[in-house]
Amino acid sequence: MSRVAYVNGRYVPHSDAAVHIEDRGYQFADGIYEVSAIQGGRIIDEEAHYDRLERSLGELQIPVPMGRPALRLISREMIRRNGIRDGLIYMQITRGVARRDHPFPKAGTPPSVVMTAKRVKAQSAEMVAKGVAAITIQDIRWARCDIKSVSLLPNVLGKQQAREAGAYEAWMIDRDGMVTEGTSTNAWIVTATGEVVTRSLSNAILGGITRASLKRLAESAQIKIVERAFSLEEARTAKEAFLTSTTGYVLPIVTLDGAPVGDGTPGPTTARLRDLYMAFMADPAAAAA
Ligand code: PDD
């Protein structure tokens, strides 16, 4: 089955899918995106992704190009046309095509809407069993990291630095020495005293959908989550560390800058939280009951 993309109202072969060179997403990174997981043909946390998409558009004053029924319809059509059971769906909305000039284009310029979908293989069992490495880098991003903007240059550079160091992720450290988040994931630790900590929501991090679901699942399993900033120092001396994201789910981090976190193996709290999340992915309704 050949891949199909959605571009501004049309389903087109993925290999021919294109936007204009004067799309503001291309020229100014003037746009937002969402990545959602597809499991068993269903989109995980679909409405939460649309909530965040609409919020990002609102914060950037990009008109909402279509309502939720249309988003749901196109998403389902993309899953069907691409024959996906387990995979990812990507949606991107930009401020549209206009002659290059920094101010917003004239009212009525239609936003550009693009969707792609792809199959993904199951996460490597070895990666889950052994955990992954993370490095730390300075957080050099702008002051609105809560907006899921396509402007991802610091994240791209950080992830590349992680890869070159043989690591899966880079945790970003703010000016006060506190961990903000990973380049494409949220950051969590289990402290020396057993607190499960992730940074509270603010303009400094993206409000992860996986983060929110895991928090809800943990709390219904009587595992307390503490939302506060934690320092790099605290992370280095933590018992466990892990990340959450749509693409990584809940993944143990076993080294930070080459030094072991805890005993350098995935910890029991991370394993428990991962199990809760994987059960939710497999059957969201049962997990909510
Ligand atoms: N990234 N923080 C950042 C900076 C992110 O880019 C992401 C998601 C997350 C986790 O959010 P969520 O749980 O909603 O996936 C946190 C996506 C997967 C990406 O850019 O590919």
Side-chain angles (χ1 to χ4, degrees), residues 34-52 75-76 79 82-90 117-134 167-169 171 181-191 194-199 205-227 238-255 261-289:
E34 280 297 323
V35 182
S36 315
I38 306 162
Q39 280 283 312
R42 234 186 19 243
I43 299 178
I44 302 297
D45 277 329
E46 182 174 15
E47 299 305 313
H49 282 280
Y50 298 148
D51 288 344
R52 188 171 65 185
S75 301
R76 274 160 198 56
I79 293 170
N82 288 284
I84 296 179
R85 269 195 66 74
D86 299 330
L88 291 170
I89 184 157
Y90 176 84
K118 65 179 179 190
R119 291 183 197 161
V120 292
K121 288 197 217 101
Q123 209 170 26
S124 128
E126 193 192 333
M127 199 163 75
V128 176
K130 292 194 175 158
V132 298
Y168 180 88
E169 183 55 297
W171 276 10
E181 61 183 334
T183 62
S184 65
T185 61
N186 286 115
W188 301 66
I189 55 168
V190 181
T191 65
E195 261 186 335
V196 184
V197 183
T198 192
R199 189 161 174 140
I205 65 166
L206 182 75
I209 306 296
T210 319
R211 177 192 177 284
S213 281
L214 186 66
K215 177 171 179 268
R216 196 179 58 244
L217 294 166
E219 282 165 357
S220 52
Q222 260 80 62
I223 302 170
K224 190 167 162 236
I225 304 296
V226 180
E227 290 175 273
K239 278 205 284 213
E240 302 179 32
F242 61 96
L243 59 83
T244 58
S245 77
T246 297
T247 46
Y249 317 132
V250 176
L251 200 58
I253 291 176
V254 291
T255 63
V261 177
D263 67 2
T265 64
T269 305
T270 305
R272 176 88 209 288
L273 291 169
R274 181 179 165 90
D275 287 349
L276 285 171
Y277 192 73
M278 298 318 281
F280 162 71
M281 291 260 291
D283 190 352

Euclidean distance, Lys215 NZ relative to Asn186 CG, rounded to 0.5 Å
12.5 Å
Thr270 versus Ala241, closest heavy-atom pair with distance:
OG1-O, 4.2 Å
Could you tell me which non-hydrogen atom of Ala282 sits nearest to which non-hydrogen atom of Pro284, and how far apart they are?
C-CD, 4.0 Å
Arg199 backbone acceptor or donor facing Arg211 side chain under 3.5 Å:
yes
Output the distance between atom CD1 (Ile89) and atom CZ (Arg76), rounded to the nearest 0.5 Å.
9.0 Å
Quick one: does Asn82's side chain get under 4.5 Å of Lys118's, heavy atoms only?
no
Verify, without hydrogens or angle tests, whether Glu240 (side chain) and Thr269 (backbone) share a donor-acceptor contact under 3.5 angstrom.
yes
Without swapping roles, check the side chain of Gln123 against the backbone of Val128 for a donor-acceptor pair under 3.5 Å.
no
Between Glu34 and Arg52, is there a side-chain N and carboxylate O pair less than 4.0 Å apart?
yes
Hey, does the side chain of Arg119 reach the backbone of Gly83 with a donor-acceptor pair shorter than 3.5 angstrom?
yes
Applying side-chain contact (heavy atoms from CB on, under 4.5 Å), run through Thr185 and Leu251 and close with a yes or a no.
CA-CA 10 Å; Thr185 61; Leu251 200 58; over 6 Å; no
If you look at every heavy atom in Ile253 and Ala134, which pair is closest and at what distance?
CG2-CB, 3.8 Å
Quick check for you: to the nearest 0.5 Å, what is the distance between Trp188 atom CH2 and Leu243 atom CG?
11.0 Å
Please examine the side chains of Leu276 and Ile223, heavy atoms only from C-beta on, and report whether any two atoms are closer than 4.5 Å.
yes
Any donor-acceptor pair under 3.5 Å from Glu169 side chain to Ser184 backbone:
yes
Can any side-chain N or O of Thr244 pair as donor or acceptor with the backbone N or O of Tyr249 at less than 3.5 Å?
no
Would a distance-only check, ignoring hydrogens and angles, find a side-chain to backbone donor-acceptor pair under 3.5 Å from Thr246 to Ser36?
no
Does some side-chain heavy atom of Ile38 sit less than 4.5 Å from a side-chain heavy atom of Arg85?
no
Under 3.5 Å, is there a donor-acceptor pair between the side chain of Gln39 and the main chain of Met281?
no
Minimum heavy-atom separation for Tyr50 to Ser75, with atom names?
OH-OG, 3.1 Å
Considering all heavy atoms of both residues, which atom of Ala238 and which atom of Val261 are nearest to each other, and what is their separation?
O-CG1, 3.7 Å
Once you round to the nearest 0.5 Å, how far does CG of Asp45 lie from CZ of Phe280?
4.0 Å
Starting at CD1 of Ile79, measure out to CZ of Arg42 and round the result to the nearest 0.5 Å.
10.0 Å
Do the non-hydrogen side-chain atoms of Met127 and Tyr168 ever get within less than 4.5 Å of each other?
yes
Could you grab the distance from atom CG of Asp263 to atom NZ of Lys239, nearest 0.5 Å is fine?
11.0 Å
Looking only at non-hydrogen atoms, find the nearest pair between Pro266 and Val254 and report the distance.
N-CG1, 3.5 Å
